[in-house]
Amino acid sequence: MVAPDQYDTLTPTEAIALQQELRHQVQLTPLEHPIRTIGGADISFNKHSETVYAGIVVLSFPDMKVLHRESIVGKATFPYVPGLLSFREIPTLMQVWNQLEQKPDVLMLDGHGQAHPRRLGIASHFGAVAGIPTLGCGKSLLVGKHDAPPQTPGDAVPLIHKDETIGAVLCTKAKCNPVYVSAGHLMTLRNAVAIVRKCMGKYRIPEPTRRAHEWVNEVRLAHGESKVPE
DNA sequence: GCGACAG
DNA sequence: ATCTTGTCGC
């Protein structure tokens, strides 16, 4: 089985073949224990640069207080291809995960989990490889159809793809676009939606992902190279 | 064949 | 995702 640190050697065709193998390792069983902590993961980079800044922020649940933060500077050679996002982001995110001393009970990824054409979005992929409970929360749609998005915070409508409910379109803030929630690994869609609801704060983006986004941008700017790319 | 297409 | 100022709506 190809490990994350080898993803940059794969061709898109080989990457898709690996997804077909990994999809069968994903478990959508109910979350076993109540959660006390949750992690948010994200990456940042400069335009036209393969240097990436990956980070994970661990927060208390449901208090949403930042407990730990970890980051790493790496390279992302695999290009962004819709449906193959995980091959670009997982290598560095997995390194950050491995150097985290205090692992969170669940991890929220910036992207989809089951709401993927082959049911292996970055959240399901990361969860299957790391063997931990994960969920995906994307800002835009990759696949699936749904009725009019809810207008009231906390409300959701199902996201359907090929007669299957693959996720939920959730309103996290009034007068804002919704977010797309789906199960990643070791939890159900119902678990995922319940978790995101408790992570809703003052902004559209749920706290774990929002704090992770802030964190990696802070790391990138601190690393200095915000303006003219080399 | 044509259009869609996470970050 | 990233680059960027103003601007429209609540």
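Residue numbering restarts at 1 for every chain, and letters A, B, ... go by the order of the sequence lines. The figures that follow rest on heavy atoms only: side chains count, while hydrogens, waters and symmetry mates do not.
- In this structure, NZ of K75(A) is placed 21 Å from P of dA1(C), rounded to the nearest angstrom.
- Picking from dA6(B), dC10(C), dG7(B) the nucleotide with the shortest atom distance to the side chain of K175(A) gives dC10(C).
- One interatomic measurement links the two molecules: CZ of F126(A) to C1' of dG7(B), which rounds to 16 Å at whole-angstrom precision.
- Regarding contacts with the backbone of dC3(C), a side-chain N or O of R220(A) is found under 4.0 angstrom from either OP1 or OP2.
- In this structure, the CZ atom of F45(A) is 9 Å from the P atom of dC3(C), given to the nearest Å.
- Note on ring orientation: taking the six-membered ring where Trp is involved, the planes of F126(A) and W97(A) are perpendicular (angle over 60°, cut-offs 30° and 60°).
- In this structure, the CZ atom of R88(A) is 13 Å from the P atom of dG7(B), given to the nearest Å.
- Atom P of nucleotide dA1(C) and atom CG of D42(A) are separated by 7 Å, given to the nearest angstrom.
- When side chains are defined from C-beta on, I166(A) does not count as touching S182(A), because their heavy atoms never get closer than 4.5 Å.
- The phosphate of dC5(B) (OP1 or OP2) has no side-chain N or O of S140(A) nearer than 4.0 angstrom.
- When the side-chain nitrogen and oxygen atoms of S44(A) are compared with OP1 and OP2 of dT2(C), one or more of them lie within a distance under 4.0 Å.
- Straight-line distance from the NE2 atom of H48(A) to the P atom of dC3(C): 11 Å, rounded to whole Å.
- R118(A) and Q19(A) are linked by a side-chain donor-acceptor pair at a separation below 3.5 angstrom, with hydrogens and angles left out of the test.
- For the pair L85(A) CG and dT2(C) P, the computed distance is 13 Å after rounding to whole Å.
- Put simply, OG1 on T209(A) and NZ on K139(A) are 7.5 Å apart, with the number rounded to the nearest 0.5 Å.
- The distance from atom CG of N46(A) to atom C1' of dG7(B) is 15 Å, rounded to the nearest whole Å.
- Using a 4.0 Å heavy-atom criterion, one finds that I122(A) contacts the bases of the nucleic acid, with or without backbone contacts as well.
- Geometric assessment of R88(A) against the ring of F45(A) yields a positive cation-pi assignment under the 6.0 Å and 45° thresholds.
- G136(A) comes within 4.0 angstrom of no nucleic acid atom, judged by non-hydrogen atoms across all strands.
- One side chain, H223(A) or Y53(A), offers a donor N or O that lies under 3.5 Å from an acceptor on the other.
- Look at R69(A) and E218(A) and you find a salt bridge, because one of the NZ, NE, NH1 or NH2 atoms lies within 4.0 Å of a carboxylate O, short of that distance.
- Of all the residues in residues 178-217 of chain A, H213(A), N217(A) reach under 4.0 Å from DNA chain C with at least one non-hydrogen atom.
- The side chain of L142(A) has dA6(B) as its nearest neighbour among dA1(C), dT2(C), dA6(B).
- A donor-acceptor contact closer than 3.5 angstrom links the side chains of S44(A) and R220(A).
- For dA6(B), the OP1/OP2 oxygens have no side-chain nitrogen or oxygen of K139(A) closer than 4.0 Å.
- Across all strands, G121(A) comes closer than 4.0 Å to base atoms (heavy-atom distances).
- No engagement by L120(A) is indicated, since no non-hydrogen atom pair under 4.0 Å with the nucleic acid exists.
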